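Here's the structure we're looking at; comments come further down.
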Amino acid sequence: MPSHLSVEIPLPSAKENRHPTPRLLREVLSRAGVCLALILSGSLAGCAVGPDYAGPPRLDLPSHWITKTAARRGAGTLDRWWLRLRDPLLNRLIEQAVEANPDVAKAKAVVREARATVQQTSAGLFPSVSGSASVTDNKTSSGSASAVVDSAPYTLHQASFDSSWELDLFGGTQRSIEAAARGAQSAEEDLRDSLVTLIGDVAAYYVEARGYQTRIALAQRTAVSQRDTEKLTRSKYEAGSGNAVDLAKATAQAASTEANVPTYQTALAADIHRLGILLGRPPDGVASLMARSAPVPAPRMPLPTVLPADLLMSRPDVASAERKLAQATAKIGAAEADRYPAVSLTGSVGTSALRAGDLAKYSSVSWSVGPSVTVPVFDAGKRLATVKIAEAQRDQAFATFHSTLLTALEDVENALVSLSQERVRAAKLAEAAKNYREAAKLSRSLFETGSASFIDVLDAERSLYSAEDSLIQSKVSAAKDYISLAKALGGGWADPVDVSTPTIVDTNTGPHVREAQK
């Protein structure tokens, strides 16, 4: 069983304190002054136990990115990077999402909680004072076998103030405040990370939706052209210059193209629904805004990049993991301080009288004040185990920080490669679509004059549709890679975010008659 040794500094008895003399009062004030000197000396000395956090760990980071791209450092700022997509509706959707997204609202509440925790922990540096007052009617009696004697009833008035103050001689409270403050900083970075993720998701789903709208329009436009080819083939067949096989193939190709439209419509609806949810609305909350088709946003190149080492500050998830490491380090000191003696200063002032007007009389006042020391003697290794637990948690926090940083490096490298190669692919697809478009035009003209076979027309139209559809998908992929790179570099919301206003504002929180629960 854990036990403690408590050493109390003796003071004059309560009976002596009932009627203090000037000499006794000077002695009490002298001892109180000594206690105050101990408090001040402990505070000013800044005594602390446990490891001191020396900043982000030094890790072996590359000096440059592997992928060589046109993006360069100092080409601008990552703040409001989505403006480079040059889409006014996307800008509006992002601003509305920042205001109303539930995940962002939750992150704001976490920040408020963390800041309140700092305030709560900081209260440990100050004394706690409580007061009490009572008025009681009393009557006593004493009796024996032969007689009972009753005293006259009387009213007793009492009032008192009690205070206690634990000296932070070994910095345990300061370490707890340090841990709470770093936890608040981590929560602020988590809020910034939620904004980075939210903005990237809104942009990505918006780009996808515009891509499906463009693919739907392409499929419908191509199907119309293929139906014209079917009509021409049918005319030739009815005139005796065509065959049933060519007619069947023409009909099948048009139907196959038309069959893509429902698939794209389903995917488009899913993206629009997701956009509505991201904006904190029902699934159809932005359907009316997206009803009118628009081109796939084309990013303005290049995006400004940072050096690998700069991700420690630019990536909020990395910064949050580093703050959690600092917090875990401070918790070791708080656990270590618990293994040292605790010194407290306690005091109380009370008064009692038969009449309320006599409470302030000097003869009615009693008081006590003095320090106490609590020394841990035996706890079966409980406090030491607590320190080891804190040290293990610090190591876990370091591993998380290291892993988060490596993942950030990987995200940037992957995004750089994808964006660079997708731009090359898009250029080739654009060239292919241009030539297939010319080939389809020529083969159709030759088929109408009987100089080319229907197979040439069918193949040219199929190839043109495939090339144009692939080009649209490549444009979507390039825009999404651009968005991924912006997210990987930590680009996000630059304006201040108000976290002080709660989502739910309570009213009538004072004393009131409680209504029946609904």
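Quick caveat, the model's predicted, so the values are computed rather than measured.
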**Request:** Provide the closest heavy-atom pair for Gly172 versus Ala337 in the form atom of the first, atom of the second, distance.
**Result:** CA-CB, 3.3 Å

**Fill in**
When every non-hydrogen atom of Ser122 is compared with those of Ile177, the smallest separation belongs to CA-CD1, 3.6 Å

**Expected output: side-chain Ser443 to main-chain Ala440 donor-acceptor under 3.5 Å** = yes

**Request:** Measure from the side-chain N and O atoms of His402 to the backbone N and O of Thr400, and report whether any donor-acceptor pair falls under 3.5 Å.
**Result:** no

**Asked** Between the side chain of Glu413 and the main-chain N/O of Ile66, is any donor-acceptor distance below 3.5 Å?
**Response** yes

**Item:** Side-chain heavy-atom pair Ile504, Asp506 within 4.5 angstrom cut-off
**Value:** yes

**Prompt:** Are Glu422 and Arg425 ion-paired here, with the side-chain N under 4.0 Å from a carboxylate O?
**Reply:** yes

**Residue pair Thr121 / Ser176, side-chain donor-acceptor N/O under 3.5 Å** = no

**Message:** Using a 3.5 Å distance criterion without hydrogens, assess whether the side chain of Ser420 forms a donor-acceptor pair with backbone atoms of Leu416.
**Reply:** no

**Message:** Between Asp481 and Arg423 (salt bridge meaning N to carboxylate O under 4.0 Å), is one present in this structure?
**Reply:** no

**Fill in**
side chain to side chain donor-acceptor pair (under 3.5 Å) with Tyr53: of Glu322, Arg182, Gln327, only one passes, and it is Glu322

**Request:** Please report the closest heavy-atom contact between Arg112 and Thr503, naming both atoms and the distance.
**Result:** NH2-N, 3.9 Å

**Prompt:** Roughly how far, to the nearest 0.5 Å, is CG of Asn260 from CG of Asp469?
**Reply:** 7.0 Å

**Asked** Are Arg274 and Ile277 close enough, and set up right, to give a side-chain contact (heavy atoms from CB on, under 4.5 Å), and what steps lead you there?
**Response** CA-CA 5 Å; Arg274 173 45 53 180; Ile277 299 301; 3.7 Å; yes

**Prompt:** Roughly how far, to the nearest 0.5 Å, is the CG atom of Leu275 from the CD atom of Glu208?
**Reply:** 9.5 Å

**Item:** Closest contact, heavy atoms only, Val318 versus Leu311
**Value:** CB-O, 3.8 Å

**Prompt:** Is a side-chain N or O of Arg175 found less than 3.5 angstrom from the main chain of Val49, in a donor-acceptor match?
**Reply:** yes

**Asked** Does the side chain of Pro316 come within less than 4.5 Å of Glu189's, by heavy atoms?
**Response** yes

**Message:** To the nearest 0.5 Å, what is the distance between CG on Leu489 and CG on Leu303?
**Reply:** 7.0 Å

**Request:** Nearest 0.5 Å please: distance from the CG atom of Asp103 over to the CG atom of Leu278.
**Result:** 8.5 Å

**Asked** Does Arg383 reach the main-chain N or O of Asp338 with its side chain, forming a donor-acceptor pair under 3.5 Å?
**Response** yes

**Prompt:** Side chains of Ser128 and Ser164: do they bring a donor and an acceptor to under 3.5 Å?
**Reply:** yes

**Prompt:** With a 4.5 Å heavy-atom cut-off, do Thr214 and Pro295 have their side chains touching?
**Reply:** no

**Message:** Treating Ser474 as the side-chain partner and Ser470 as the backbone partner, does any N or O pair qualify as donor plus acceptor under 3.5 Å?
**Reply:** no

**Item:** Heavy-atom closest contact (Val286 atom, Ile272 atom, distance)
**Value:** CG2-O, 3.6 Å

**Message:** Do Gln226 and Arg462 pair up side chain to side chain, a donor and an acceptor below 3.5 Å, judged on atom types alone?
**Reply:** no

**Item:** N-O pairing of Glu438 and Lys441 below 4.0 Å
**Value:** no

**Request:** Please determine if Glu336 and Arg339 form a salt bridge, counting it only when a charged side-chain N lies under 4.0 Å from a carboxylate O.
**Result:** yes

**Item:** Tyr436 side chain near Glu468 side chain, heavy-atom distance below 4.5 Å
**Value:** no

**Message:** So Arg300 and Leu83, do their side chains get closer than 4.5 Å, heavy atoms only?
**Reply:** no

**Prompt:** Is any NZ, NE, NH1 or NH2 atom of the basic residue among Arg323 and Glu188 found under 4.0 Å from an Asp or Glu carboxylate oxygen of the other?
**Reply:** no

**Asked** If you measure from the Lys or Arg side-chain nitrogens to the Asp or Glu carboxylate oxygens, is any gap between Asp190 and Lys324 under 4.0 Å?
**Response** yes

**Prompt:** Would a 4.5 Å heavy-atom cut-off, applied to side chains only, mark Arg210 and Pro297 as touching?
**Reply:** yes

**Prompt:** How are the rings of Tyr212 and Tyr264 set to each other: parallel, tilted or perpendicular (split at 30° and 60°)?
**Reply:** tilted

**Prompt:** Distance-only, no hydrogens or angles: does the Thr329 side chain make a donor-acceptor pair with backbone N or O of Leu325 under 3.5 Å?
**Reply:** yes

**Prompt:** Any side-chain heavy-atom pair from Leu409 and Trp65 closer than 4.5 angstrom?
**Reply:** yes

**Prompt:** Looking at Arg315 and Asp411, does any basic side-chain N land under 4.0 Å from a carboxylate oxygen?
**Reply:** yes

**Message:** Give me the atom names and distance for the closest heavy-atom approach of Ser484 to Ala415.
**Reply:** C-CB, 4.1 Å

**Message:** Measuring only between side-chain heavy atoms, which start at C-beta, is Ser225 closer than 4.5 Å to Tyr465?
**Reply:** no

**Message:** Is it true that Asp87 and Tyr206 share a donor-acceptor pair across their side chains at a distance under 3.5 Å?
**Reply:** yes

**Complete:** Separation between CD1 (Ile199) and CG (Leu93), nearest 0.5 Å, reads 12.5 Å

**Message:** Given the ring of Trp493, does Arg80 sit roughly above its face, with NZ or CZ under 6.0 Å from the centre of the six-membered ring and within 45° of the axis?
**Reply:** yes

**Item:** Backbone of Ala252 reached by a side-chain donor or acceptor of Ser256 within 3.5 Å
**Value:** no

**Message:** Looking only at the side chains, is there a donor atom on one of Asn91 and Glu95 sitting less than 3.5 Å from an acceptor on the other?
**Reply:** no

**Message:** For the backbone of Leu125 and the side chain of Thr173, can you confirm whether one donor and one acceptor N or O come within less than 3.5 Å of each other?
**Reply:** no

